[in-house]
Amino acid sequence: MGILSSAVVFGAFSLLLWMALVVIIPWLHHTFGIPPVIGWYVSGTAFVLLPILLFGVIKAWLELPMRNLGQLSKRLRLNMMNGRDLVWGICGLFGIAFASAIILMLAREVDPVFRASPEFLRQPPGWHTWVFVAWIPLFISNILGEELCWRGYVLPRQEAAWGRKAWLLNGTMWCLFHWSFGWSVMLLLLPIALLLPWIVQRRRNTSAGILIHAIFNAAGFIAAISGRANL
């Protein structure tokens, strides 16, 4: 899977993401009074992330010479994490957090009104059970969808074309996939977009990506409900 075929796959789903943001979320808000953040949890899950998950798993399944769950797990590199995998994952998280903080600091030196989150995530601070309940399906489909598809299915195919540099193509496409979130979000996503696929390719274990992505997104949710995403 080279540049063109990668661009087709990532680009097709990025259009679904764009439609969710500019069409479905406003429609849910104006028609049913659903807050934009909840509209994102609903539309992002149903129209973007579940299709990504199904695409990756089905495409991997169809590649198998012998179709069973064990072979599917092996094809997606969904392996148990050993001690070294865990160390790589933890170090990766610290590296991503440090690099993201540096980018945020520098961005605000250049532009004091720099916003690090999309508009639909900005809401008054406060914990609401219904927000948490609505977030859970998005969280699960986001982590499993993107990691099983982008890293489990797509990355090995990119390795066949790009070899050891496949992580760079994967990470670049993953970052560009978020173009409809705005350039500021893409800028802040650069550390995880590049480090996560590098670690997954080096360890040949999609589970490492799931660990990193899950903790990163959970931290983002906490920032959203605390009002930190408004900053």
Validation row: Y41, F139 side chains within 4.5 angstrom (heavy atoms): no
R75 and Y153: CA distance, side-chain angles, deciding distance, side-chain contact (heavy atoms from CB on, under 4.5 Å) verdict: CA-CA 7 Å; R75 167 60 183 85; Y153 169 67; 3.3 Å; yes
pair N82-R203: side-chain heavy atoms closer than 4.5 Å: yes
Validation row: M186, F181 side chains within 4.5 angstrom (heavy atoms): no
Minimum heavy-atom distance between A60 and L76, given as atom pair plus value: CB-CD2, 3.6 Å
Any donor-acceptor pair under 3.5 Å from S73 side chain to L69 backbone: no
Nearest non-hydrogen partners of I210 and E147, listed with the distance: CG1-CB, 3.7 Å
Working for side-chain contact (heavy atoms from CB on, under 4.5 Å), residues K59 and R157: CA-CA 11 Å; K59 291 290 286 185; R157 293 180 63 88; over 6 Å; no
Any donor-acceptor pair under 3.5 Å from Q201 side chain to G163 backbone: yes
hydrophobic_cluster_shared for F94 and I192, side chain cutoff 4.5 Å: yes
Between side-chain atoms of residues 7-22 and protein atoms elsewhere (two or more places apart, or another chain), which donor-acceptor pairs fall under 3.5 Å?
residue: S14; atom: OG; partner: G11; partner atom: O; Å: 2.7
residue: S14; atom: OG; partner: W179; partner atom: NE1; Å: 3.1

Test item: H213 and N142 side chains (from C-beta on) under 4.5 Å apart, heavy atoms: yes
Atom pair CG (L189) and SG (C175), whose distance is rounded to the nearest 0.5 Å: 6.0 Å
CG on L72 to CD on E63, rounded to 0.5 Å: 10.5 Å
Spatial distance of atom CG (L104) from atom CG (L187) [nearest 0.5 Å]: 9.0 Å
N/O donor-acceptor pair under 3.5 Å between S141 side chain and L138 backbone: yes
W162 and Q158 side chains, donor-acceptor separation under 3.5 Å: no
Cluster link F177 to I3, ILVMFWY, side chain under 4.5 Å: yes
M80 versus N205, closest heavy-atom pair with distance: O-ND2, 3.5 Å
Spacing of SG belonging to C91 relative to CG belonging to L86, to within rounding of 0.5 Å: 9.5 Å
Shortest non-hydrogen contact between A208 and I199, atoms and distance: CB-CG2, 4.4 Å
Given R77, R202, K165, the one that forms salt bridge (Lys or Arg N to Asp or Glu O under 4.0 Å) with E159: R77
Output field: ring centroids W167/W174 closer than 6.0 Å: no
hydrophobic_cluster_shared for M81 and I90, side chain cutoff 4.5 Å: yes
Euclidean distance, I34 CD1 relative to I24 CD1, rounded to 0.5 Å: 11.5 Å
Flag if over 12 foreign heavy atoms under 6.0 Å of CZ, R164: no
Closest heavy-atom pair and its distance - S100, P191: OG-CG, 3.6 Å
Common cluster, F98/L196, ILVMFWY with side-chain heavy-atom separation under 4.5 Å: no
Same cluster (ILVMFWY, side-chain, under 4.5 Å), F47 and I136: yes
Separation between CE of M173 and CE of M1, rounded to the nearest 0.5 Å: 10.0 Å
Taking every non-hydrogen atom, the tightest pair across V154 and N170: CG1-ND2, 4.1 Å
Short side-chain to backbone donor-acceptor contact, S207 and N79, under 3.5 Å: yes
